[in-house]
Visitor: 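Structure below; questions to follow.
Chain letters run A, B, ... following the sequence lines, proteins first and then strands; every chain starts at 1. Heavy atoms only: backbone and side chains are in, while hydrogens, waters and symmetry mates are out.
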Amino acid sequence: MGRRVVATGRVSATGHRAAINPAFLARKLGGLVVTLFVTSFLVFSSLYLAPGDPVSFITKGRSPSPADVAAIRHQLGLDEPFLVRYWDWLTAMLRGDFGRSFQLHQDVVGVIGARLPVTLELVVMSALIIGIVGLGGGVLAALRRGRPSEGAILVGVTVGAALPSFVAAIVLLSVFSVRLGWFPTFGSGTGFFGTIYHLTLPAVALSITFIALVTRVTRSAMVDELRREHVEVALSRGIPRRTVIRRHVFRNALGPIMTISGLVAAGLLVSTSIVDTFFGLNGIGSLLVQSVNQHDFPVVQAITMLIVAVFVVVNTAVDIAYPLIDPRISAAESAR
Amino acid sequence: MSSVLVAAPVRSRLTRLRRLGGLLVVAAAVVLVVFVLMALFARWLAPYDPNAVDLSNTLAPPSSAHWLGTDEVGRDTLSRLIYGAQTSLIGPLAVVLIATILGTLTGLYAAWRGGVVDTLISRALDIVFAFPALLLAILVVAIYGKGLTAPVIAMALAYTPYTARLVRSLVLQEKTRPYVAAYRVQGFSGFFIAYRRVLANVSPTVLAQSTVSFGYALLDLAALSFLGFGVQPPTADWGSMVNNGEGAVLQGQPLSAIAPAIAIVVVVVAFNLVGESIGDRIAGRDR
């Protein structure tokens with residue numbers, strides 16, 4: 001994120017264990033809290049501005065008396081001023097209370113909790129696929145510069161980046177489920193192997209765009225590092241090429257690669273709305289789509305907050321972990 | 001002399017590769033022109049009415065009458081594909097135009113003013129950046145209902161930080177160039193220098209970024225229509241065509257879903273190739 005690595009001559013490259021600077025940690029965590037606070041305000045006020053009265057969604061199809069409407073409004077706290085309502089909503093959320101679903105008449109936390117396992121399984125499977133194929137492809141492309149294998153990977157990246165998950169899903173479904181009959185077309189399966197079997201096609205469909213992204217970032221980070229002088233110096237000192245690639249090139253390249261993990265995590269969660277719908281999975285994504293269709297605002301608010309929080313928390317975690325991987329960052333930070 | 005001889009085969013291979021890449025970019029540009037013409041002249045190009053239902057001829061395989069077959073209610077897939085180019089291209093165009101204008105103005109303003117203004121704008125951009133474009137679009141659908149207008153504006157906001165950050169970093173570099181100081185010495189106003197001269201110098205790079213963004217905006221809007229939140233039936237749109245075709249896929253007649261899916265991928269690849277080529281040209285010119 002616009003981070004400039006300043007290589008200072010003072011830091012020894014080996015045997016330097018970076019400790020996390022407390023001021024740096026406090027600044028990052030402060031940024032996290034501010035971002036989440038502003039986000040919560042945006043999410044709350046955007047739905048406050050929504051045309052239409054929440055009461056009409058709850059009393060849909062019935063004609064309540066004015067007294068009933070007033071009672072519901074009071075029960076929901078709708079008769080309070082905006083800032084009071086926002087404060088109540090925020091403090092309740094901090095206690096883990098996200099309100100009640102209009103449609104399902106259950107606590108939002110329970111509704112989301114019931115859908116979370118499928119989504120977690122899907123996202124973890126996708127993350128593994130993205131990690132293995134994306135990092136592998138990027139490293140391979142960087143080490144095979146100018147050869148046909150690099151060309152093939154780059155063509156794959158160009159097409160993969162343009163392949164939305166619903167297109168990938170329809171191609172996979174039509175080839176592997178309908179034509180070949182290797183995989184089921186519907187549902188999330190039971191048991192460990194049943195789940196993996198059912199979630200393979202959805203996970204692959206979800207992964208393709210992100211594999212392209214990770215491959216491209218990995219390749220360019222590796223190419224940048226391979227060009228650096230320290231690589232040549234290490235090689236000339238007789239260190240085996242394999243060791244130099246692993247310990248000097250890949251380790252340095254890992255920093256820039258890690259900075260996109262927040263983007264990938266949030267993107268995966270949003271894209272489950274497409275994959276869930278397509279493969280009939282009961283995850284967060286299909287819950288989001290249903291809640292939007294049924295004007296179930298508390299659930300939409302909670303899922304939006306969840307996804308933004310994942311993005312911000314992962315990004316902050318990467319920022320905090322960065323100096324541990326690359327001691328030059330903490331040197332640059334403390335030199336400021 | 002000998003080094004030139006040794007280098008010759010390597011260089012010829014590189015030029016051949018470059019020529020191949022150049023041909024690819026030309027092909028991508030041609031593809032884009034074809035799709036734009038298709039959208040503009042859909043009324044004359046489409047062999048059938050895109051919404052004409054023919055229940056006696058559903059899920060027909062390709063034939064001389066229906067080159068790409070028909071969908072599950074007997075509508076001509078080719079005609080829907082041609083008409084679908086309209087909605088599928090206008091949405092991303094609006095997103096990219098709004099995002100480019102907003103992003104350029106905020107980025108330029110932040111970099112030119114610097115200080116507290118810059119810090120505040122950058123922090124605000126970071127917060128917008130935390131919302132994935134598709135999530136923001138889904139959120140406004142929850143608020144304002146289905147359709148294209150509100151999601152297009154929401155997505156434009158979500159794309160603004162990308163352009164704004166780019167413009168900000170470019171303008172910060174430009175500010176230190178001697179020509180800016182020269183204009184100042186000559187007494188030109190900051191407004192003139194920023195909007196007439198600096199903007200002109202950074203605009204090619206912004207154009208490259210916007211071209212690539214167009215492809216991503218197309219993907220996001222197609223995903224929105226696929227979910228049933230964007231373009232509403234029966235209007236033809238590539239994203240909703242893929243969604244409608246799911247039943248056809250399960251019945252072994254995937255063409256009505258695969259054809260628009262291929263159109264999406266081809267157009268996005270073409271936009272990315274053209275955008276990257278513009279970017280490469282600018283990088284080459286600066287060197």
Side-chain angles (χ1 to χ4, degrees), chain A residues 1-2 31 34-36 38-39 42-43 46-47 49-52 146 151 158-159 161-171 173-175 177-179 185-186 209 262-263 266-267 269-271 273-274 277-278 285 288-289 291-293 295-297 300-301 303-304 307-309 311-312 315, chain B residues 10 13-14 17 24 122-124 126-136 138-146 165 168-169 215-216 218-220 222-223 226-229 239 242-243 245-246 248-254 257-258 260-262 264-273 276:
Chain A
M1 325 246 112
V34 169
T35 308
L36 285 180
V38 176
T39 302
L42 288 177
V43 168
S46 68
L47 289 176
L49 294 172
T158 307
V159 175
L163 206 66
S165 49
F166 62 91
V167 168
I170 210 149
V171 172
L173 192 73
S174 114
V175 174
S177 294
V178 179
R179 278 284 143 80
T185 57
F186 195 82
T209 313
L263 203 69
L269 282 175
V270 177
S271 302
S273 58
I274 293 159
T277 310
F278 201 92
L288 178 63
V289 174
S291 306
V292 169
N293 276 324
H295 301 280
D296 198 347
F297 292 144
V300 175
Q301 280 176 328
I303 294 178
T304 307
I307 294 175
V308 174
F311 176 86
V312 182
N315 266 350
Chain B
V10 176
R13 205 197 304 159
L14 270 178
L17 266 178
L24 210 59
S122 297
R123 287 300 302 162
D126 284 348
I127 288 167
V128 178
F129 195 69
F131 286 86
L134 186 58
L135 181 67
L136 205 58
I138 292 176
L139 187 66
V140 299
V141 168
I143 300 169
Y144 296 103
K146 295 168 184 175
R165 283 179 173 183
R168 181 180 167 272
S169 70
Y216 288 110
L218 196 156
L219 289 181
D220 281 337
F226 171 81
L227 289 173
F229 292 156
V242 176
N243 188 14
E246 197 183 346
V249 171
L250 292 175
Q251 291 175 45
Q253 283 294 343
I258 297 285
I262 291 173
I264 292 171
V265 176
V266 166
V267 169
V268 175
V269 166
F271 267 107
N272 286 351
L273 286 177
E276 274 162 26

Visitor: Under a 4.5 Å cutoff for heavy-atom pairs, which residue among B/Ala133, B/Gly215, B/Pro260, B/Ala223 has the most contacts with chain A?
Guide: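 Sorted descending by pairs with chain A, the first entry is B/Ala223.
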
Visitor: State, to 0.1 Å, how close B/Leu219 and A/Ala162 come at their nearest heavy-atom pair, and which atoms those are.
Guide: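 Reported closest heavy-atom pair: CD2-O, 3.6 Å.
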
Visitor: Is the closest side-chain heavy-atom distance between A/Leu42 and B/Ile127 below 4.5 Å?
Guide: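 Yes, close enough: below the 4.5 Å cut-off.
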
Visitor: Are the side chains of A/Asn293 and B/Lys146 in contact, using a 4.5 Å heavy-atom criterion?
Guide: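 Side chain of B/Lys146 against side chain of A/Asn293, heavy atoms only: contact under 4.5 Å found.
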
Visitor: Can you name the residues that form a ring-ring contact (aromatic ring centres under 6.0 Å, His included) with B/Phe271, not counting sequence neighbours?
Guide: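 Only B/Phe214 meet the ring-ring contact (aromatic ring centres under 6.0 Å, His included) criterion with B/Phe271.
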
Visitor: Would you mind reporting whether A/Ile170 and B/Phe226 have side-chain heavy atoms less than 4.5 Å apart?
Guide: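 Heavy-atom side-chain distance check fails, nothing below 4.5 Å.
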
Visitor: Minimum heavy-atom separation for A/Val300 to B/Ala142, with atom names?
Guide: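 Smallest interatomic distance, heavy atoms only, reads CG1-CB, 4.0 Å.
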
Visitor: OG1 of A/Thr304 to CZ of B/Phe131: how many Å apart, nearest 0.5 Å?
Guide: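 Here the rounded value is 7.5 Å.
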
Visitor: Roughly how far, to the nearest 0.5 Å, is CD1 of B/Ile138 from CD1 of A/Ile307?
Guide: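 Rounded to the nearest 0.5 Å, the CD1-CD1 separation comes to 7.5 Å.
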
Visitor: Give, as side chain, backbone, both or neither, the part of A/Thr209 having an atom under 4.5 angstrom from any heavy atom of chain B.
Guide: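 Looking at A/Thr209, nothing touches chain B.
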
Visitor: Is A/Val308 close to chain B through its backbone or its side chain, or both, or neither, when contacts mean heavy atoms under 4.5 Å?
Guide: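 Answer is both: backbone and side chain atoms of A/Val308 are under 4.5 Å from chain B.
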
Visitor: Less than 4.5 Å apart, any side-chain heavy atom of B/Leu135 and any of A/Leu269?
Guide: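 SC-SC contact between B/Leu135 and A/Leu269 ruled out.
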
Visitor: If you count heavy-atom pairs under 4.5 Å between each of B/Pro254, B/Ala130, B/Ala261, B/Gly228 and chain A, which one has the most?
Guide: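 The option with the most such pairs is B/Ala130.
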
Visitor: Just so I understand: if I count every heavy-atom pair under 4.5 Å between each of B/Ile262, B/Asp126, B/Leu139 and chain A, which residue has the most?
Guide: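 With the most close heavy-atom pairs to chain A, the winner is B/Leu139.
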
Visitor: Check whether B/Leu273 gets within reach of chain A through its side chain, its backbone, both or neither, counting any heavy atom under 4.5 Å.
Guide: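 Side chain only.
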
Visitor: Is chain B contacted by the side chain of A/Leu36, its backbone, both, or neither, given a heavy-atom distance below 4.5 Å?
Guide: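 Looking at A/Leu36, nothing touches chain B.
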
Visitor: Among A/Val289, A/Thr158, A/Val34, which residue forms the greatest number of heavy-atom pairs with chain B at distances under 4.5 Å?
Guide: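 Going by pairs under 4.5 Å, I would pick A/Val289.
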
Visitor: With sequence neighbours left out, what residues match B/Tyr216 under ring-ring contact (aromatic ring centres under 6.0 Å, His included)?
Guide: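 ring-ring contact (aromatic ring centres under 6.0 Å, His included) list for B/Tyr216, sorted by chain: empty.
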
Visitor: Pick from A/Thr39, A/Val312, A/Thr277: which one has the most heavy-atom pairs with chain B under 4.5 Å?
Guide: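 Of the candidates given, the most pairs with chain B belong to A/Thr39.
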
Visitor: Can you list the steps and then say if B/Leu134 with A/Ile274 is a side-chain contact (heavy atoms from CB on, under 4.5 Å)?
Guide: CA-CA 11 Å; B/Leu134 186 58; A/Ile274 293 159; 4.0 Å; yes

Visitor: Under a 4.5 Å cutoff for heavy-atom pairs, which residue among A/Gly151, A/Ala168, A/Ser174 has the most contacts with chain B?
Guide: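 Among A/Gly151, A/Ala168, A/Ser174, the one with the most close pairs to chain B is A/Ser174.
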
Visitor: Side chains of B/Asn243 and A/Phe278: does their closest heavy-atom pair fall under 4.5 Å?
Guide: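 No, too far: nothing below the 4.5 Å cut-off.
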
Visitor: State, yes or no, whether a side-chain contact exists between A/Thr35 and B/Arg123 at a heavy-atom distance under 4.5 Å.
Guide: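 Side-chain contact under 4.5 Å: yes.
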
Visitor: Taking side chain as everything from C-beta outward and backbone as N, CA, C, O, which of these in B/Ile258 sits under 4.5 Å from a heavy atom of chain A? Side chain, backbone, both or neither.
Guide: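 For B/Ile258, the contact with chain A is made by the side chain alone.
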
Visitor: Is chain B contacted by the side chain of A/Ala161, its backbone, both, or neither, given a heavy-atom distance below 4.5 Å?
Guide: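 It is both, since atoms from each part get that close.
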
Visitor: Which bit of B/Ala124 is near chain A, if near means a heavy-atom gap under 4.5 Å: side chain, backbone, both or neither?
Guide: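 Neither the backbone nor the side chain of B/Ala124 comes within 4.5 Å of chain A.
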
Visitor: Write down the atom of A/Pro164, the atom of B/Ile264, and the distance for their closest heavy-atom approach.
Guide: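 Answer, listing the atom of A/Pro164 first, then B/Ile264: CG-CG2, 4.2 Å.
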
